[in-house]
Amino acid sequence: MSEPILEMRRVSKSFFSIKALRDVDLTVYAGEIHALMGENGAGKSTLMKILSGAYRPDPGSEIRIDGQPVQISGPLGGRAAGIAIIYQELSLAPNLSVAENIYLGREVSRGGLLAREVMQAAVGPILARLGADFTPQTQVANLSMGQRQLVEIARALHARSRILIMDEPTTALSAGESERLFALIRQLRAEGLAIIYISHRMDEVYALGDRVTVLRDGTLVGSLDKDEIRADTIVRMMVGRDVSSFYKKEHDPKNDPEARSGAPVLAAVDIADNRRVKGCSLTVHAGEVVGLAGLVGAGRTELAHLIIGAAPMISGHVEIEGRPVAIRTPGEALDAGIAYLTEDRKALGLFLDMSCLDNINLAVLGRDAKFGGILDRDKARDRAKRAFVGLGIRAANVGVPAGGLSGGNQQKVLLSRLLAIGPKILILDEPTRGVDVGAKSEIYSIIDNLAKAGTAVLVISSDLPEIIGICDRVVVMRAGHIAGQMRRGATSPLSQEEIMALATGTEQIDA
Amino acid sequence: MPENGASAKAAPAASGLAAAQETKRQRTRMIIRAVGMLPVLLLLSIGFHVLSDGRFFTGQNIGIVVQQSAVNTVLAAGMTFVILTGGIDLSVGSILAAAAMAGLIISKFPDLGALWLPAAVLTGAVFGILNGALIALLRLPPFIVTLGSLTAVRGAARLLGADTTVFNPSIPYAFIGNGALTLIPGVLSIPWLWVIALLVILVSWLVLKRTVLGVHIYAVGGNESAARLAGIKVWAVLIFVYGVSGLLAGLGGAMQAARLYAANGLQLGQSYELDAITAVILGGTSFVGGIGSIWGTLVGALIIAVLSNGLILIGVSDVWQYVIKGLVIIGAVALDRYRLQGSART
């Protein structure tokens with residue numbers, strides 16, 4: 001094999017007395033896609049921040065590019081070394097044009113005046129090479145998430161970067177956009193770039209990775225070559241133990257006579273907002289876990305928002321235990337017994353500056369209050385502590401701000417808020433997004449326990465193995481309609497291919 | 001196997017250490033936020049005491065300082081509610097003037113005289129609720145709405161007295177403006193204005209920290225969309241905070257009227273909103289909402305009063321007082337930015 005483009009040897013990084021990285025080696029070759037995996041907190045971000053120049057490694061660490069030792073200091077250092085990072089949260093100015101964003105900080109000027117046409121002329125060929133369907137003059141605010149990612153990649157290419165680091169690039173993309181991105185990544189590999197690809201998603205690593213390196217607790221667990229990449233191997237390397245029953249599913253409502261009889265707990269009847277949701281009906285019974293599958297943009301989240309009154313319904317209605325109910329606000333949904341876990345916990349769910357205690361109790365403060373409005377602080381503290389123990393939330397104490405917790409723990413805090421209400425119906429929108437493997441499995445077992453206790457659960461998820469792993473029944477949405485549904489049989493598991501066929505509208509799909 | 005055991009033991013120890021350090025850091029951060037500007041207040045006071053040859057810490061001077069800070073403390077308490085939700089109330093100075101005018105006019109009716117105090121407070125509350133309704137129900141930006149009412153209510157205040165000064169030398173309850181509550185005869189008495197201000201702070205603290213409504217106020221300021229999804233009636237919270245701000249501006253107007261036995265719709269309360277906002281920001285309440293405490297606001301209001309009083313004591317000219325106070329406002333906002341960096345937003 002040729003000379004490696006990037007070699008990291010014995011790279012360590014300590015914060016005060018805590019070692020975030022310990023003697024990590026990483027070798028990346030030109031023309032390869034190198035997947036980097038590990039749970040949250042395993043040290044992936046620290047490693048990448050060292051490469052970008054945001055952190056300085058401890059003495060004794062060695063980084064070589066093309067065999068030459070380099071010191072990377074500051075964001076300019078990373079760029080000078082030919083390294084570009086495409087972050088999860090994109091770093092574009094939406095009010096500027098594509099060309100202006102690509103040249104941000106390095107604008108070309110002639111006699112003190114901005115030379116727009118020069119910059120646009122230089123950006124044009126790069127966009128063409130990436131197969132972009134927008135021009136250098138387009139304002140970034142008008143671009144979709146996938147197109148914005150192209151701009152980020154164009155910026156990296158324009159800076160003549162040879163090592164491209166992508167951190168969970170598909171989180172905000174639709175399935176189609178992801179596919180286009182994968183094609184582009186393969187094209188860049190063919191052009192000789194080295195790509196370090198960070199992801200939690202096993203299917204992406206299968207599809208793209210030439211090699212996989214796994215980190216755990218700041219140390220290197222090992223690297224796998226393409227023919228060695230297997231899900232169970234990677235998971236075992238990531239968590240350090242066998243995750244034999246990763247998807248927890250013990251409860252089966254078919255064995256529960258009470259659940260089978262009677263009206264569904266939740267019935268959505270012909271609900272529409274005439275924009276993203278065009279007449280959808282679905283039911284969820286007590287003790288049943290129903291998956292709502294579909295491509296990003298199919299209208300699943302919008303349907304959930306209509307059911308809980310977060311958006312105005314144009315037609316249709318909701319029935320709870322057979323009786324029609326009018327729900328106009330999320331508050332009325334809670335009163336009716338419907339709790340909704342948002343897909344965007346930072347923007348729509350948590351109060352990052354508030355303590356876990358307040359975050360957990362927020363929805364039941366009124367119910368617990370004394371004298372019509374005075375907080376019952378003992379009750380709140382007890383509840384928060386019980387949630388910490390019951391859901392295994394790991395934080396110093398219940399008083400710390402929720403913003404300081406890891407993704408998985410934040411999700412459990414948010415989930416505890418909903419569980420505190422004691423809902424009859426729980427709608428979970430992407431319950432394990434941005435959550436590490438260990439916490440995922442714990443969340444699955446929480447869902448299983450809720451179903452066992454008779455809660456009707458509706459899970460919206462883009463993670464098909466998750467849907468198949470935990471749901472009794474799957475409803476598939478396509479372009480605002482219900483495309484179909486299927487039930488888990490006694491002997492036949494739910495089929496990923498059938499769900500995809502319904503979601504995309506193709507009868508045949510290549511596996 | 002022994003190797004496995006050792007690493008299994010080391011891992012929790014390391015994470016325990018990390019957790020302990022994190023708790024320690026958070027505790028330090030919380031202490032810094034809680035204590036906030038208190039050291040600045042003490043240093044300023046001591047500095048002025050030394051520079052003025054010992055004239056600052058005298059019973060009489062301290063009495064003047066607290067009396068001067070009282071009205072601003074009351075306005076700033078209301079402003080704290082508003083800023084905690086991420087809003088702003090620029091109209092408090094004008095509302096104060098209108099409320100004082102309304103109070104004085106009522107006080108001149110022989111039969112209704114004693115009702116002037118609730119009338120003033122109610123006037124303030126009504127204007128505040130109007131602000132809140134425009135902001136919450138029509139979804140207009142607080143800055144624009146209260147900028148408008150800053151002007152409009154000022155006009156209303158002038159209209160009330162036909163643009164003249166209204167006097168009432170025999171106004172009922174005049175003692176709240178100039179009297180003092182004697183605690184130990186001949187030794188310790190507290191101006192009634194200051195008693196009212198402290199009561200307002202105390203009640204505000206109770207509401208913010210001990211009631212459901214208080215948590216909802218912080219929640220709306222911390223993340224309005226999340227608050228809405230969590231079933232909080234955001235509109236009700238907003239109307240409440242602007243109502244409180246107006247009500248306390250009305251109370252401030254009553255305090256001012258009782259102190260002066262007079263009110264003038266044009267001059268009373270001019271640019272009081274700036275001092276109130278400065279006190280809140282000095283007190284560590286974040287301008288974007290969600291973070292802050294009422295005790296910080298009290299300290300902030302005292303800093304402003306100490307600055308005014310001390311600069312006069314050491315003979316700084318009126319012109320320079322403006323410059324120095326302005327710089328303090330900018331410094332306070334700089335502190336706000338610095339504090340936000342240390343917060344838990346990730």
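Predicted model only: the values in this text are computed from it and were never measured. Naming convention: chains lettered A, B, ... in sequence-line order (proteins, then strands); numbering from 1 in each chain.
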Rounded to the nearest 0.5 Å, how far apart are CG of A:Leu348 and CD of B:Glu224?
12.0 Å
List the residues meeting side chain to side chain donor-acceptor pair (under 3.5 Å) with B:Tyr242, not counting sequence neighbours, and say none if there are none.
none
When rounded to the nearest 0.5 angstrom, what is the spacing between CZ in B:Arg228 and OG1 in A:Thr329?
11.0 Å
Chain B contact via A:Leu350 - which portion, at a heavy-atom distance below 4.5 Å:
backbone
Check whether A:Arg377 gets within reach of chain B through its side chain, its backbone, both or neither, counting any heavy atom under 4.5 Å.
side chain
Which bit of B:Ile232 is near chain A, if near means a heavy-atom gap under 4.5 Å: side chain, backbone, both or neither?
side chain
Pick one of side chain, backbone, both or neither for A:Arg417, based on which atoms fall under 4.5 Å of a heavy atom in chain B.
side chain
When you measure from the side chain of B:Asn223 to the backbone N and O of A:Lys346, does any donor-acceptor pair fall under 3.5 Å?
yes
So which part of A:Ala339 gets closer than 4.5 Å to some heavy atom of chain B, the side chain, the backbone, both or neither?
neither
By the ring-ring contact (aromatic ring centres under 6.0 Å, His included) test, which pairs, at least two apart or in different chains, include something from residues 328-374 of chain A?
A:His305-A:Tyr340
CZ on B:Arg210 to CD1 on A:Ile374, rounded to 0.5 Å:
10.0 Å
Could you report the tightest heavy-atom contact between B:Val212 and A:Leu365, atom names first, then the distance?
CG2-O, 3.5 Å
Top contributor to chain B interface from A:Asp376, A:Asp344, A:Leu362 [non-hydrogen pairs under 4.5 Å]
A:Leu362
Quick one: of B:Ala219, B:Ala227, B:Gly231, who has the most non-hydrogen atom pairs under 4.5 Å with chain A?
B:Ala219
Shortest non-hydrogen pair, A:Gly349 vs B:Ala226, comes out as O-CB, 3.4 Å
With rounding to the nearest 0.5 angstrom, report the CG to CD1 distance, A:Asp353 to B:Ile291.
3.5 Å
Toward chain A, the part of B:Lys209 with a non-hydrogen atom under 4.5 Å:
backbone
